[in-house]
Amino acid sequence: WLRAASLLAMAYLVASQALLDIQGWSSTAFGFAVLLAGVMVVGHHYAMWRLRLGKWLIIPAVFLSFCLLRCFSGVKDTFPLDVFIQLASAFLGGIAVALALKAGVRFKELVYAQVTSSLLQIVLILSGVAPEPPPGEDSFRYAGITGNANVLALQLTLGACMIWVLPRKAGVLPCALAFGAVAFALAVTG
């Protein structure tokens with residue numbers, strides 16, 4: 001059960017960072033989040049681990065409710081179901097990964113999943129698979145290689161911060177790769 005939780009947590013991290021904005025793959029992260037939450041609940045039910053959610057969960061639940069109300073307000077560029085899936089995936093997946101860490105999933109495994117997602121994200125941007133304009137378009141001057149520089153730069157930087165939270169547990173190689181991901185984000189987005 002712990003191995004299944006570990007693999008699902010790793011798969012969720014990769015899908016939520018690298019595949020969330022790619023059409024047809026956006027619900028993959030939500031699927032992994034639901035599976036991971038299910039494994040955590042079943043493991044708790046059969047006393048494989050003891051999990052407890054604190055009162056702190058009220059704050060993200062209120063924030064999620066506010067965001068869900070806004071996602072159905074009729075913004076022209078987005079489809080409400082896509083926004084709902086992204087928000088639900090982030091909320092449920094974040095809690096499930098935190099519970100998996102409490103249950104005994106090794107931090108280093110999540111670090112390598114984060115490194116993998118960052119590298120995959122860079123490859124998708126450079127290969128033109130990601131939903132961003134290719135290098136050389138007019139938006140390049142203002143947004144770098146990506147259409148929205150904030151998305152790529154923030155995701156890679158937040159991923160690096162997750163690795164650097166515990167640098168001794170993460171190891172030298174992941175820390176160096178995370179630094180490289182941030183350097184790439186700065187180079188292509190400004």
Side-chain angles (χ1 to χ4, degrees), residues 1-22 24-54 56-57 59-61 64 85-127 129-130 151-186:
W1 283 96
L2 192 59
R3 193 77 203 132
S6 178
L7 290 173
L8 286 171
M10 292 168 65
Y12 168 75
L13 278 178
V14 171
S16 67
Q17 297 259 339
L19 304 177
L20 198 58
D21 291 332
I22 298 176
W25 289 88
S26 60
S27 58
T28 306
F30 182 69
F32 283 128
V34 169
L35 288 172
L36 178 59
V39 165
M40 299 312 298
V41 168
V42 169
H44 176 74
H45 179 73
Y46 288 107
M48 292 175 206
W49 45 69
R50 184 166 179 213
L51 302 175
R52 209 180 89 211
L53 295 174
W56 60 271
L57 195 57
I59 295 169
L64 176 71
I85 286 174
Q86 288 178 355
L87 289 170
S89 169
F91 181 74
L92 184 61
I95 291 170
V97 168
L99 290 175
L101 282 169
K102 282 179 137 184
V105 169
R106 290 178 39 218
F107 178 74
K108 196 157 193 155
E109 292 175 348
L110 297 183
V111 164
Y112 280 108
Q114 181 58 52
V115 167
T116 302
S117 72
S118 295
L119 294 176
L120 181 60
Q121 211 170 4
I122 291 169
V123 168
L124 290 173
I125 290 292
L126 292 177
S127 65
V129 175
V151 173
L152 176 70
L154 285 175
Q155 283 182 343
L156 292 177
T157 305
L158 288 174
C161 288
M162 189 201 98
I163 292 170
W164 291 331
V165 164
L166 299 170
R168 286 189 179 165
K169 274 191 172 182
V172 175
L173 180 63
C175 286
L177 290 173
F179 183 76
V182 173
F184 174 84
L186 286 173

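The backbone N or O of S89 sits less than 3.5 Å from a side-chain atom of Y12, completing a donor-acceptor pair.
Closest heavy-atom contact between L36 and A9: CD2-CA, 3.8 Å. Looking at every heavy atom in both residues, V105 comes nearest to L2 through N-CD1, 3.8 Å. Taking every heavy atom of both residues into account, V182 and A160 meet most closely at CG2-CB, 3.5 Å. Closest non-hydrogen pair, M162 versus L110, comes out as CE-O, 3.6 Å. Across all their heavy atoms, E109 and M10 have their closest contact at O-CG, 3.7 Å. Scanning both residues, T28 and A15, for their nearest heavy atoms gives CG2-CB, 4.1 Å.
Environment of NZ in K108: crowded, with over 12 heavy atoms of neighbouring residues, nucleotides or ligands closer than 6.0 Å. Around the CZ atom of F179, the shell of radius 6.0 Å holds no more than 12 heavy atoms that belong to other residues, nucleotides or ligands.
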Stepwise, does the side-chain contact (heavy atoms from CB on, under 4.5 Å) test hold for I122 with L156?
-> CA-CA 9 Å; I122 291 169; L156 292 177; 4.1 Å; yes
Could you walk me through whether L120 and L124 pass side-chain contact (heavy atoms from CB on, under 4.5 Å), step by step?
-> CA-CA 6 Å; L120 181 60; L124 290 173; 4.1 Å; yes
Report the C-alpha distance between F32 and V14 in whole Å, list the side-chain angles of each, state the deciding distance to 0.1 Å, and finish with yes or no for side-chain contact (heavy atoms from CB on, under 4.5 Å).
-> CA-CA 10 Å; F32 283 128; V14 171; over 6 Å; no
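Taken from CG in L177 to CG in L173, the straight-line distance is 4.5 Å, to the nearest 0.5 Å.
Using modelled atom types, one finds a donor on one side chain and an acceptor on the other under 3.5 Å when comparing Q114 with S117.
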